[in-house]
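Please read all numbers here as calculations on a predicted model, not as lab measurements. Proteins get letters first, then strands, A, B, ... in listed order; numbering begins at 1 in each.
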Amino acid sequence: MATLELFNTLSGAIEPLLPVGAPDLRMYCCGPTVYDYGHIGNFRTFLHVDVLRRFLRQGGIPVKHVMNITDVDDKIIRNAATHGMSIGSYSRKFEDAFFEDLDALGIERPEHIPHATEFIPEMVSLIEELGRRDMAYQAEDGSWYFRVANDGSYGKLSKKDLAHIEDGARVDVDEEKDAARDFALWKAVKGNEPQWETPLGPGRPGWHIECSAMAGKLLGPNFDLHAGGEDLMFPHHENEIAQSECATGETFARHWMHVRFLLVEGRKMSKSEGNFFTLRDLLLKGHRASAIRFLLLSVPYRNQMNFTFDGLTESTHAIERLRTFHQRMVKGGFAAGRDAAIGDLTHKAETDFTAALVNDLNTAGARAAIFDLVRAANSAADAGVLRGENASEILDVLAKFDGIFAVLQDRDAELTRAALAWAEKEGRLNEADPDLLATLAFSDAEIDALVAERTLAKRQRNFARADAIRNELLAKGILLEDGKDGVRWKRK
RNA sequence: GCACCGAUGGCGAAGUGGCUAACGCGCUGGUCUGCAAAACCAGUAUUCAUGGGUUCAAAUCCCAUUCGGUGCUCCA
């Protein structure tokens with residue numbers, strides 16, 4: 001397979017991404033700070049990183065992927081206090097929720113998931129090394145800061161005009177720091193906040209040093225790729241580079257991938273705009289996990305994407321079509337043999353699919369290649385030209401597609417039920433869509449009984465009664481489909 | 001204020017110098033059906049925000065304008 005060509009923020013150019021110095025591709029992706037439930041903007045980033053790792057592995061490149069969990073920070077401390085919970089149990093709760101959400105969205109687990117609080121000694125030695133190299137200093141209150149002025153290459157990732165930032169009115173003036181843009185490596189303890197006794201003095205780590213310590217420990221001083229949301233580019237990633245490279249003298253990550261922001265209904269997602277959604281919010285409204293995944297992947301990672309409810313409906317329909325087509329191929333019943341023209345189209349779809357992803361992970365293009373195949377194959381099947389061997393070749397291509405997009409297997413109902421069970425436990429069932437609840441409250445047995453009655457009515461050509469039952473079920477969100485093999489029903 | 005990104009059909013969106021501007025959804029028509037639904041098929045932008053320029057050739061490059069978004073501060 002051709003080598004993936006991925007945009008590199010550091011160089012500003014599209015470059016091949018290959019493992020260097022190790023058989024597997026070593027990558028680090030900034031994980032969540034577990035202070036609340038994840039929102040769909042968070043998941044857009046993790047979803048696109050998931051596509052990256054799935055595609056690399058599909059191309060035969062093993063991946064060593066590290067994603068951290070920030071389990072101590074100001075927001076966790078604040079929220080835990082207001083909920084009367086310990087820091088540990090509070091962050092644990094949201095970490096568990098985060099992984100449930102990743103599973104619901106079909107996001108694979110990284111190979112390593114380190115917790116910030118487990119790497120305090122590594123952070124301390126990193127800061128000590130920076131101190132020895134005159135890149136860090138301790139302020140009067142005991143906090144440690146990074147001395148930006150001594151780092152000649154500071155700003156190389158975000159290409160900031162540093163002089164301008166220094167003049168900026170929005171940088172807080174901190175009495176403790178030597179320079180406004182110096183950033184905290186180690187925070188001296190305040191009050192009874194969580195703290196660690198270390199050679200640096202008592203305190204807790206700054207945010208940026210966590211990632212440098214964990215990436216350095218698990219991936220080595222230099223590695224292949226560092227990924228994250230675009231907002232992390234500055235200052236977080238810039239600071240990671242500064243700390244790591246000044247301490248080790250080596251290039252930190254060679255390749256940097258940034259996923260662009262998500263808009264919701266055309267505006268930046270924010271609680272005050274009323275367009276802030278967690279994954280759980282959407283599941284409770286009756287949207288399917290698969291549709292959310294598919295929609296968030298439908299726009300390539302480097303483009304800003306507008307998340308809308310119309311888009312969610314569209315994705316739901318698109319997935320239905322793909323699943324129906326997949327079932328048609330699985331079911332088979334085609335004449336033996338192979339049609340050469342369909343075989344060529346199948347091969348072209350596969351080639352186009354891979355070519356799109358090789359080209360800076362063009363997920364929209366990859367999707368289009370598969371829909372081309374769906375249309376061509378359906379036409380061929382309708383015309384009776386599609387043969388058994390064609391179907392199995394097509395299934396291979398669909399497997400390749402689903403190895404990246406992961407939407408063909410229908411786990412949606414199960415995931416929605418899980419979300420409802422969670423809402424019930426949290427006393428938030430009132431946030432669920434009433435229609436969704438009504439539909440789920442209707443038992444399968446009740447539905448089956450009505451469907452049977454309707455089938456009987458139809459056989460007696462009592463269409464008025466049959467249609468009345470169909471409408472009654474429809475009003476409760478149950479759709480009936482009369483197929484050749486009997487009646488199929490599904491919840492809307 | 002400074003910096004950066006974007007503007008493609010009803011909606012979402014690919015395409016970044018050269019065949020009829022992908023693909024999805026929607027819509028319209030058709031097949032199927034007792035009628036529907038579902039599924040499938042077909043059709044659906046002479047044109048790429050606006051104005052100028054470069055070129056044999058521009059949605060694609062350059063300049064200006066308008067609008068939208070983002071960063072500079074915790075944020076995926």
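- Heavy atoms of L263(A) sit under 4.0 angstrom from primed sugar atoms or phosphate atoms, though from no base atom.
- Checking T33(A) against D73(A) by side-chain atom types alone, no donor-acceptor pair falls below 3.5 Å.
- Both tests pass for R302(A) against the ring of F7(A): distance under 6.0 Å to the centre and angle within 45° of the axis.
- Under a 3.5 Å cut-off, the side chain of R491(A) and the backbone N or O of T439(A) do form a donor-acceptor pair.
- Taking the P atoms as reference points, A21(B) lies 30 Å from A64(B), given to the whole Å.
- The side chain of N362(A) places an N or O atom within less than 4.0 Å of a non-bridging phosphate oxygen (OP1 or OP2) of G15(B).
- P32(A) comes within 4.0 angstrom of nothing in the nucleic acid, heavy atoms only.
- With A39(B), A76(B), A36(B) as the candidates, the nucleotide lying closest to the side chain of T324(A) is A39(B).
- H39(A) comes within 4.0 angstrom of a nucleotide base, judged by non-hydrogen atoms across all strands.
- Among the heavy atoms of the strands, none lies under 4.0 Å from L295(A).
- A side chain to side chain contact (heavy atoms under 4.5 Å, CB included) with Y301(A) is found for exactly one of L296(A), N362(A), L6(A), V51(A), namely L6(A).
- Distance check, rounded to the nearest 0.5 Å: OG1 of T354(A) to CG of N359(A) gives 12.5 Å.
- Residue E481(A) places its side chain closer to A37(B) than to any other of C41(B), A76(B), A37(B).
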Reading nucleotides 22-28 of chain B from 5' to 3' and marking B where a protein heavy atom lies under 4.0 Å of the base, S where only the sugar-phosphate is that close, and - otherwise, the string is BSBSS--
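- Using a 4.0 Å heavy-atom cutoff across all strands shown, G41(A) reaches at least one base atom of the nucleic acid.
- Under a 4.0 Å N-O distance rule, the pair R288(A)/E320(A) qualifies as a salt bridge.
- Once the 5.5 Å centre distance and the 30° plane angle are applied, the aromatic ring of F46(A) is found not to be stacked with the base of A76(B).
- Ring orientation note: the planes of F401(A) and F405(A) are close to parallel, at an angle under 30° on the 30°/60° scale.
- Counting non-hydrogen atoms under 4.0 angstrom, K490(A) reaches nothing in the nucleic acid.
- Using C1' as the reference atom, A59(B) and U8(B) are 7 Å apart when rounded to the nearest Å.
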Enumerate all atom pairs, one protein N or O and one N or O from nucleotides 17-20 of chain B, separated by less than 3.5 Å.
none

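- With both ends at atom P, the span from G12(B) to G1(B) equals 29 Å, rounded to whole Å.
- Side-chain atoms of N462(A) and base atoms of G34(B) include no donor and acceptor less than 3.5 Å apart.
- The residue among P300(A) and E320(A) whose nearest nucleotide of RNA chain B lies closer to the 5′ end is P300(A).
- Closest contact between the side chain of R470(A) and the listed nucleotides G34(B), A36(B), A76(B) involves A36(B).
- Heavy-atom distances to RNA chain B give each of N378(A) and I40(A) a nearest nucleotide, and the one nearer the 5′ end belongs to N378(A).
- In this structure, V259(A) reaches neither bases nor backbone, as no heavy-atom distance under 4.0 Å exists between it and the strands shown.
- For the pair D372(A) and K348(A), the salt-bridge criterion is not met [side-chain N within less than 4.0 Å of a carboxylate O].
- U28(B) and A38(B) are spaced 13 Å apart, taking the P atom of each and rounding to whole Å.
- G71(B) and C63(B) are spaced 25 Å apart, taking the P atom of each and rounding to whole Å.
- Partner F183(A) forms a ring-ring contact (aromatic ring centres under 6.0 Å, His included) with one of W144(A), F234(A), W207(A), F146(A) and no other, that one being F146(A).
- The backbone N or O of N79(A) sits less than 3.5 Å from a side-chain atom of H83(A), completing a donor-acceptor pair.
- Annotation: U31(B) and A36(B) have their P atoms spaced 11 Å apart (nearest Å).
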